[in-house]
2 protein chains.
Amino acid sequence: MKRPTIADVARRAGVSKGAVSYALNGQPGVSEATRQRILAIATEIGFSPSSAARALSGAMARAIGLILARPARTLGIEPFFMELISGVEAELSARSYALTLQVVADQSAEIAVYRRWWGERRVDGVLVCDLRTDDLRVPVLEELRLPAVVIGGPTGTGDLPSVWSDDAAALVETVEYLHALGHRRIARVAGLPDLLHTAIRTQAFTAVCQRLGLAEAVTVSSDYTGEEGARVTRRLLSSRLRPTALIYDNDVMAIAGLSVAQEMGLAVPTHLSIVAWDDSPLCRLVHPPLTALGRDIPAYGAHAARQLLRLIEGATAEGLETETPRLTPRGSTGPAPSSSLTA
Amino acid sequence: MKRPTIADVARRAGVSKGAVSYALNGQPGVSEATRQRILAIATEIGFSPSSAARALSGAMARAIGLILARPARTLGIEPFFMELISGVEAELSARSYALTLQVVADQSAEIAVYRRWWGERRVDGVLVCDLRTDDLRVPVLEELRLPAVVIGGPTGTGDLPSVWSDDAAALVETVEYLHALGHRRIARVAGLPDLLHTAIRTQAFTAVCQRLGLAEAVTVSSDYTGEEGARVTRRLLSSRLRPTALIYDNDVMAIAGLSVAQEMGLAVPTHLSIVAWDDSPLCRLVHPPLTALGRDIPAYGAHAARQLLRLIEGATAEGLETETPRLTPRGSTGPAPSSSLTA
DNA sequence: ATCGATCATTGAAGCGCTCCCAGGTGGTCT
DNA sequence: AGACCACCTGGGAGCGCTTCAATGATCGAT
């Protein structure tokens, strides 16, 4: 089966290639009647303009890129990225943009791919995830002038616009909630320490604990995996003055932590309260269901995609704050054990 | 910053565009010394050939496509796809192929995207997931002569090569294992009924139960979500002669089922044994950890990608059987309750 | 009826690459 | 030494599209 080209459409419509191009792209230059006739013929013979030829003649590639630089192991289990992608897709496919995905080992590989994509003109813009402190990708993208929207921030994104949510506020709300429940020893199991949002959360955590006079506020770094989450939890719960509440930076670690608590004979929430970040169906599946900080991740991705498309179309996209994660109390949080109040 | 073109490289190397093209593509026609010099200059000025121009001159687009046609809700939570993708990526990025991903609502949308991609010459081939019985995508892809590898099968793939694993054998092994543990009433919570692998598993389940004389072998359809898994489990466990063992078609439903059992006061594995398909870190996170049928999903994706690349390069790819899922016994399976043996 | 003005339409020039083909260079053979 | 082969090299056509400049047609106004 031969792929139809613009010339085939032109011939059947009895017009020139130029006219077909105008008709297809909604440009002035053809009468409305002709445009309709051309469109009808294009549909009839199943013509879609070659993206390569289009991109070559200066037009856009109609594709955006997304690079994931986490170990494959953690990628699979965290629902975050898949949800993000489905949100991005919803926005893109409505405008028939394609999403080009790449999974790489580390940041330097990621930068190399950006450079390659730029040279290949493969994508019109990119979405940047997992912003780090002093992120090396930002200056590179600025230098290449490759349209980019950062998912995360709002600081440390240079001149690149970003889409972000107020993690600090969400964390403050959570700590205050636990404080109101009587908890005085609260620990936090954080994600990868060089991710910017980890730093933001840690800072907010330290600040609010200080304000509330919680001296024992500890943050322990981890890597989002269940194994690490379990290990860290075991250590925290073995300490002399063990925390009465734990806040985890993702759902997987929280579930692992819940298992550890149960295995150590600590009832949740009677002896220990648990809060997970990134609410997901998983949090509702376990017993007790986890109190979690959730937000609409597909919508987050959709926002980012929309900003990027706007940027590609030449608008000057600004940073955009999305909803602050909401705390959904479930069975895993309760009043602090009374002994601990007096301790 | 201006993107370098092949002409820039040619000028700096003092050769013609043609020579640069040959040098870059490993074609004969330039001396080894010249090739090295050209390559060095290309690297130095950061040149990557425009994928559009390349694709336009008859070469490949160096991209393959993958379409996911599941509701966004179930996409996020199942680690399967993300793991599959990371395996596919590993194979692709080694050859600097790009992966174009699209999430669509249903099969007809998927077919429309295939047609569009084909017209746009956007991808050189596609990977087809979630094969159905009488799958409509197969004839379309055959008609378009778009290179495609089916993930699943081995039947129902028409002339398209497939990558598959012997689910039937895995299921037989599982049932025999449960039978050896004394279980006589085994039920299965299946995935979406029109997926081909669901049909294959159901058929195998029915057959092996018949062979072992297990009359009460029930298969109930579900949709892979935790909610549905919980609902179905609740119904199964409320029946008069409740099963002593449950086999779930994915991990999420198994975990939901575990929660339901615990909520109904049934100890696992004392009163009820549970087996999950698709082993994942999740299965190890819950209590008791789930006995599961697992396989190396990234490797599965890598195999599929490799077959597709081979097909694109003109080889005639055959179907490829990958490892049969392995049963990993963990804490969720044990001897059948003695009362049930006599029942 | 004639002349601009206006608008639909067309032809052609690229975009950056691949690949064919003619032509050049040096080395080998008789 | 002259003819003949490799083996390279550089020019150029063409891939399918966009877009600009130029053409032709239409129409109202004079």
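First the proteins, then the strands, lettered A, B, ... as listed; each starts at 1. Values below: all heavy atoms of this structure, side chains included; hydrogens, waters and symmetry mates excluded.
Under the side chain to side chain contact (heavy atoms under 4.5 Å, CB included) criterion, Asp106(B) pairs with Ser108(B), Ala109(B), sequence neighbours left out.
Cys129(A) and Leu84(A) get closest at one heavy-atom pair: SG-CD2, 4.0 Å.
Between chain B and DNA chain D, the heavy-atom contact criterion of under 4.0 Å yields a 5' to 3' nucleotide range of dC8(D) to dG16(D).
In this structure, Arg70(B) fails the cation-pi test against Phe81(B), since its NZ or CZ atom is not both closer than 6.0 Å to the six-membered ring centre and inside 45 degrees of the ring normal. Because its NZ or CZ atom is not both nearer than 6.0 Å to the ring centre of Tyr22(A) and within 45° of the ring axis, Arg35(A) does not count as a cation-pi partner of that residue.
Remark: side-chain polar atoms of Ser57(A) are paired, donor with acceptor, to backbone N or O of Ala53(A) under 3.5 angstrom.
Taking the charged nitrogens against the carboxylate oxygens, Glu44(A) and Arg12(A) do have a contact shorter than 4.0 Å, which makes a salt bridge. Using a 4.0 Å cut-off between charged side-chain N and carboxylate O, Arg115(A) and Glu110(A) make no salt bridge.
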So if I define the base as every atom that isn't primed, P, OP1 or OP2, how would nucleotides 8-19 of chain C read as a B/S/- string at a heavy-atom cutoff under 4.0 Å? SBB---BBBBBB
